[in-house]
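Residue numbers begin at 1 in each chain, while the letters A, B, ... track the order of the sequences. Because the structure is predicted, anything quoted here is derived from the model rather than measured.
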2 protein chains.
Amino acid sequence: MAEPAQPAQDYESLLRAAGVRITRQRRTILTILTDGGDHPDALEIFRRACAVDPSISLSTVYRTMKVLEEKGAIHRHAFGDGPSRFEQADGAHHDHLIDIDSGDVIEFRSERIEALQEEIAKELGYEIVSHRLELYARKRRPR
Amino acid sequence: MAEPAQPAQDYESLLRAAGVRITRQRRTILTILTDGGDHPDALEIFRRACAVDPSISLSTVYRTMKVLEEKGAIHRHAFGDGPSRFEQADGAHHDHLIDIDSGDVIEFRSERIEALQEEIAKELGYEIVSHRLELYARKRRPR
DNA sequence: CTCATTGCAAATACTTTGCAATGGC
DNA sequence: GCCATTGCAAAGTATTTGCAATGAG
């Protein structure tokens, strides 16, 4: 019976196949990213990791994020002007709405916007390599 | 005969009206922003300013950018992961396409995308306070 | 004259890096 | 056993801030 191509948890074999050694620290970080389902920054990942393994260092968090990003296992975002925040790269591409009061992030996707972006780039003589669409918003006051 | 509401050059009176003192340094920076028509970062503004007035300091550039931003005279952008880059805030709102090879920035505006963004935020129960749409792209190879 | 603004140096926030020790595979 | 990876401390980049001197209005 065939395995699904990429079960959410199984980054380990993918990374191993890419020549990345799975250390205790990396496993801890990977678990945090998989379990959290949110968009923590390096310091927050470090805090959560420390709770599990107090010997982990912030350098290792930063280095691991770089490796995971290069291997495509995570995405890095720079919301507003704060530190980079990370998320697991399992689902399809999506954009972000950031609640400016709470810092919460809501993911969304609009095929129409994606298509319009392509169209615009094309008109300008360019090919999109990546893009970033962020809506900084505030909860509507129900009245 | 009525003056246009905001001649490109005349930020000075607007700022003065907002209680901002127009110093030699600020005038220099304002001129650089007006003349450049590009999206320089603080260091680049500092370099250009030094050419005109070597006594200016980088702190003053940063402090001035903050004041100008608060008064709405400029916009601050954080393209990619680099330093903040600034542009004069005269025209209408627009988004940016960044040439990833040259760093050049092309401005564009799509009413349809703007409308779709509003629609999405509304559906999620939010009101957009600001947004950021950046296309990182590469020139199409003509073939 | 008054108080906003400046230059300088030191501080801060986030991130990267050199190096010797450790530990996957 | 080899070499990728680690922790630590130090360095690096972008930006902000305390303070005494200066200068705009």
Side-chain angles (χ1 to χ4, degrees), chain A residues 11-32 39-71 73-86 103, chain B residues 11-32 39-71 73-86 103:
Chain A
Y11 280 111
E12 288 193 19
S13 18
L14 287 170
L15 290 169
R16 226 184 287 263
V20 174
R21 290 187 182 172
I22 305 302
T23 62
R24 177 171 41 88
Q25 295 88 334
R26 287 180 177 167
R27 189 168 287 135
T28 301
I29 292 172
L30 237 15
T31 302
I32 287 167
H39 300 68
D41 61 22
L43 199 57
E44 176 61 24
I45 293 170
F46 174 62
R47 280 195 211 99
R48 296 183 196 173
C50 272
V52 177
D53 170 6
S55 81
I56 209 166
S57 83
L58 184 54
S59 302
T60 295
V61 173
Y62 276 110
R63 274 190 281 232
T64 300
M65 299 329 280
K66 178 165 287 187
V67 171
L68 295 182
E69 188 185 11
E70 282 166 6
K71 300 305 176 186
I74 60 168
H75 291 305
R76 173 192 302 260
H77 303 291
F79 299 136
D81 55 353
S84 291
R85 294 173 61 176
F86 306 91
Chain B
Y11 280 112
E12 288 192 20
S13 18
L14 285 170
L15 290 170
R16 226 183 287 263
V20 175
R21 290 187 182 173
I22 304 303
T23 62
R24 176 170 41 87
Q25 295 88 333
R26 287 180 176 167
R27 189 168 287 136
T28 300
I29 292 172
L30 237 15
T31 302
I32 287 167
H39 300 69
D41 61 22
L43 198 58
E44 177 59 26
I45 294 170
F46 174 63
R47 281 195 210 98
R48 296 182 197 174
C50 273
V52 176
D53 169 7
S55 80
I56 207 166
S57 82
L58 184 54
S59 301
T60 295
V61 173
Y62 276 112
R63 274 189 281 231
T64 300
M65 300 328 281
K66 177 165 288 187
V67 172
L68 296 181
E69 188 185 10
E70 283 166 6
K71 301 304 177 188
I74 61 167
H75 291 305
R76 173 192 301 262
H77 303 291
F79 299 136
D81 55 353
S84 291
R85 294 173 60 176
F86 306 91

Margin query: With each end axis built from five pairs of C1' atoms, what bend angle do you get for the helix from C/dC1-D/dG25 to C/dC25-D/dG1? Round to 10°.
Written below: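 For the helix from C/dC1-D/dG25 to C/dC25-D/dG1, the axes at either end differ by 40°.
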
Next item on the list: Could you check whether the rings of B/H77 and B/F79 sit parallel, tilted or perpendicular, using 30° and 60° as the cut-offs?
Entry: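 The rings of B/H77 and B/F79 lie parallel, inter-plane angle below 30°.
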
Check: When you measure from the side chain of A/R76 to the backbone N and O of A/S84, does any donor-acceptor pair fall under 3.5 Å?
Finding: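 Between the backbone of A/S84 and the side chain of A/R76 there is no qualifying donor-acceptor contact (under 3.5 Å).
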
Check: Looking only at atom types and distance, does a side-chain atom of A/R26 sit under 3.5 Å from a main-chain N or O of A/R21, one as donor and one as acceptor?
Finding: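 Answer holds: yes.
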
Nucleotide [N], atom [atom2] - distance to [atom1] of [X] in whole Å:
X     : N      : atom1 : atom2 : value
B/R16 : C/dC3  : CZ    : C1'   : 17 Å
B/R21 : C/dT2  : CZ    : P     : 12 Å
A/R24 : C/dG24 : CZ    : C1'   : 12 Å
B/D53 : C/dT6  : CG    : P     : 11 Å
A/K71 : D/dT5  : NZ    : C1'   : 14 Å
A/I56 : C/dG23 : CD1   : C1'   : 15 Å
A/L30 : D/dT5  : CG    : P     : 13 Å
A/L15 : D/dA4  : CG    : C1'   : 14 Å

Where the side chain of [X] is defined as all heavy atoms beyond and including C-beta, which of [options] is the nearest nucleotide?
X     : options               : result
A/I22 : D/dT6, D/dG25, C/dC25 : C/dC25
B/S57 : D/dT6, C/dG7, D/dC2   : C/dG7
A/T23 : D/dG25, D/dT6, C/dC8  : D/dT6

Next item on the list: Would you please confirm or rule out a distance under 4.0 Å between OP1 or OP2 of D/dT6 and any side-chain N or O of A/R26?
Entry: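 Yes, such a contact exists.
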
Margin query: With a 4.0 Å cutoff (strictly under), does any side-chain N or O of A/Q25 reach OP1 or OP2 of D/dG7?
Written below: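 Yes, because at least one side-chain N or O of A/Q25 sits under 4.0 Å from OP1 or OP2 of D/dG7.
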
Checklist line | Heavy-atom side-chain contact between B/T23 and B/T64 under 4.5 Å | finding: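 Not in contact.
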
Item checked: Side-chain heavy atoms of A/L15 within contact of A/L68, under 4.5 Å ->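 They are in contact (side-chain heavy atoms under 4.5 Å apart), so the answer is yes.
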
Item checked: Annotated protein contacts, base or backbone, on nucleotides 10-20 of chain D with a non-hydrogen cut-off under 4.0 Å, one of B, S, - each -> ----SBBBB--

Check: Can you name the ring pair (Phe, Tyr, Trp, His ring centres under 6.0 Å) partners of A/F46, sequence neighbours left out?
Finding: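 Counting only residues at least two positions away or on another chain, A/F46 forms no ring pair (Phe, Tyr, Trp, His ring centres under 6.0 Å).
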
Notebook entry, point to check: What pair of heavy atoms forms the shortest contact from A/A42 to A/V61, and how long is it?
Noted result: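 Nearest pair, atom of A/A42 first, then A/V61: O-CG1, 3.6 Å.
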
Next item on the list: Please name the pair of heavy atoms, one in A/R27 and one in A/I22, separated by the smallest distance, quoted to 0.1 Å.
Entry: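 Shortest heavy-atom contact: NH2-CG2, 3.4 Å.
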
Note to self: Looking at A/K66 and A/E69, is there a salt bridge between them, counting it only when a charged N and a carboxylate O are closer than 4.0 Å?
What the structure shows: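 A/K66 and A/E69: not salt-bridged.
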
